[in-house]
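As structure tokens, the structure follows; a few thoughts come after it.
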There are 2 protein chains.
Amino acid sequence: MGITRSDIFTDYQNEMAALAKVLGHPARVAILQHLFKINACVCGDLVDEIGLAQPTISQHLKELKNLGLIKGTIDGTRVCYCIDKENWTKMKSKFSQFLDQDLDSVKECC
Amino acid sequence: MGITRSDIFTDYQNEMAALAKVLGHPARVAILQHLFKINACVCGDLVDEIGLAQPTISQHLKELKNLGLIKGTIDGTRVCYCIDKENWTKMKSKFSQFLDQDLDSVKECC
DNA sequence: TATAATTATCGTAATATTGCAATTAAACGA
DNA sequence: TCGTTTAATTGCAATATTACGATAATTATA
């Protein structure tokens with residue numbers, strides 16, 4: 001049905017999935033990489049840098065902003081985007097918690 | 001168009017996104033959590049544990065297997081799934097590389 | 001061999017995502 | 001004020017994802 005049955009999962013599972021999902025597109029990975037490299041930039045720069053149309057970039061920026069990974073400030077006719085450091089740190093610890101599950105005690109079945 | 005233009009991105013960006021994407025569904029997060037807890041289990045257990053239909057679980061298992069995060073061994077009429085430790089470690093370092101980009105030198109724009 | 005148990009696959013329906021052209025909105029500068 | 005610049009929004013088309021019923025395939029068991 002294309003609809004995720006989030007009602008049957010825990011909050012943790014849904015939040016973890018939502019975070020992973022927003023990283024699950026190469027354009028958004030590229031945007032975040034560029035913001036780390038450049039510190040801050042405007043939408044138009046990303047259009048040039050990445051090579052997708054302006055509305056497409058704008059849409060990806062919106063998703064990143066909705067999850068809190070970036071923030072934007074209006075600067076005249078432009079909008080300056082940058083990494084939201086506080087939320088990035090929170091995301092990192094959420095991922096760490098998931099990825100660093102105890103692998104040593106895992107027994108492979110085969 | 002619903003089709004990701006992976007041609008314009010780097011291999012790194014595409015691989016990073018593919019890994020994140022497979023974690024981007026709560027059912028797959030739940031499956032992985034359960035495998036960590038139980039070490040190994042069969043599809044039917046996951047159907048009971050998670051509460052989605054058997055074909056749906058089977059499909060999610062397939063995606064996890066395609067990315068290499070789990071592996072399955074045929075055991076009679078059942079298939080025993082478990083975490084692929086080697087690939088899990090590889091994924092972890094890929095995520096670390098991305099998530100641990102130098103945050104200290106990032107200047108927020110606003 | 002026939003039946004049961006288990007998982008994968010197929011087919012399909014519903015929804016989501018991706019991408020862009022066209023347009024709108026907002027703020028600046030001549 | 002009027003045009004210019006920049007980004008967001010709208011509307012739409014194409015593709016992808018999610019979910020499940022039905023079925024097939026495989027192996028064990030009676």
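Letters A, B, ... are given to chains in the order of the sequence lines, protein chains preceding strands, and every chain is numbered from 1.
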*Non-hydrogen side-chain atoms of B:Thr73 and B:Val79 separated by less than 4.5 Å*: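 A side-chain contact under 4.5 Å is absent here.
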*Give me the residues of residues 7-17 of chain A where at least one heavy atom lies under 4.0 Å from an atom of DNA chain C, by number, or none.*
none
Any ring pair (Phe, Tyr, Trp, His ring centres under 6.0 Å) pairs touching [range], not counting sequence neighbours?
range: residues 37-56 of chain A; result: none
range: residues 2-21 of chain B; result: none
range: residues 31-67 of chain A; result: A:His25-A:His60, A:Phe36-A:Trp88

Under the salt bridge (Lys or Arg N to Asp or Glu O under 4.0 Å) rule, collect the residues that match up with [X], sequence neighbours excluded.
X: B:Lys94; result: B:Glu15
X: A:Glu63; result: A:Arg28
X: A:Lys92; result: B:Asp100

*Strictly by modelled atom types, are B:Thr89 and B:Glu86 linked by a side-chain donor-acceptor pair under 3.5 Å?*
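Side-chain D/A pair, B:Thr89 to B:Glu86: absent.
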*Neighbours of DNA chain D within residues 23-35 of chain B, by heavy-atom distance under 4.0 Å*: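 Hits under 4.0 Å, by residue number: B:His25, B:Arg28.
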Report all interatomic pairs (protein N or O, nucleotide N or O of nucleotides 13-15 of chain C) with separations under 3.5 Å.
unit_1: C:dA14; atom_1: N3; unit_2: A:Met1; atom_2: O; d: 2.4
unit_1: C:dA14; atom_1: N3; unit_2: A:Gly2; atom_2: N; d: 3.2
unit_1: C:dT15; atom_1: O4'; unit_2: A:Met1; atom_2: O; d: 2.6

_side-chain contact (heavy atoms from CB on, under 4.5 Å) for B:Leu23 and A:Met16? Distances and angles first, verdict last._
CA-CA 8 Å; B:Leu23 300 183; A:Met16 194 62 233; 5.5 Å; no
Under 3.5 Å, which donor-acceptor pairs link side chains of residues 45-58 of chain B to any protein atom two or more places apart or in another chain?
none

*Sequence neighbours excluded, which residues qualify as side chain to side chain donor-acceptor pair (under 3.5 Å) partners of A:Ser96?*
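Checked A:Ser96 against side chain to side chain donor-acceptor pair (under 3.5 Å); zero matches.
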Taking only N/O atoms, report every protein-nucleotides 3-8 of chain D pair under 3.5 Å with atom names and distance.
unit_1: D:dT6; atom_1: OP1; unit_2: A:Arg78; atom_2: NH1; d: 3.3
unit_1: D:dA7; atom_1: OP1; unit_2: A:Cys43; atom_2: N; d: 3.0
unit_1: D:dA7; atom_1: OP1; unit_2: A:Gly44; atom_2: N; d: 3.4
unit_1: D:dA7; atom_1: OP2; unit_2: A:Gly44; atom_2: N; d: 2.9
unit_1: D:dA8; atom_1: OP1; unit_2: A:Tyr81; atom_2: OH; d: 2.3
unit_1: D:dA8; atom_1: OP2; unit_2: A:Ser58; atom_2: OG; d: 2.8
unit_1: D:dA8; atom_1: N7; unit_2: A:Gln54; atom_2: NE2; d: 2.6
unit_1: D:dA8; atom_1: N6; unit_2: A:Gln54; atom_2: OE1; d: 2.9

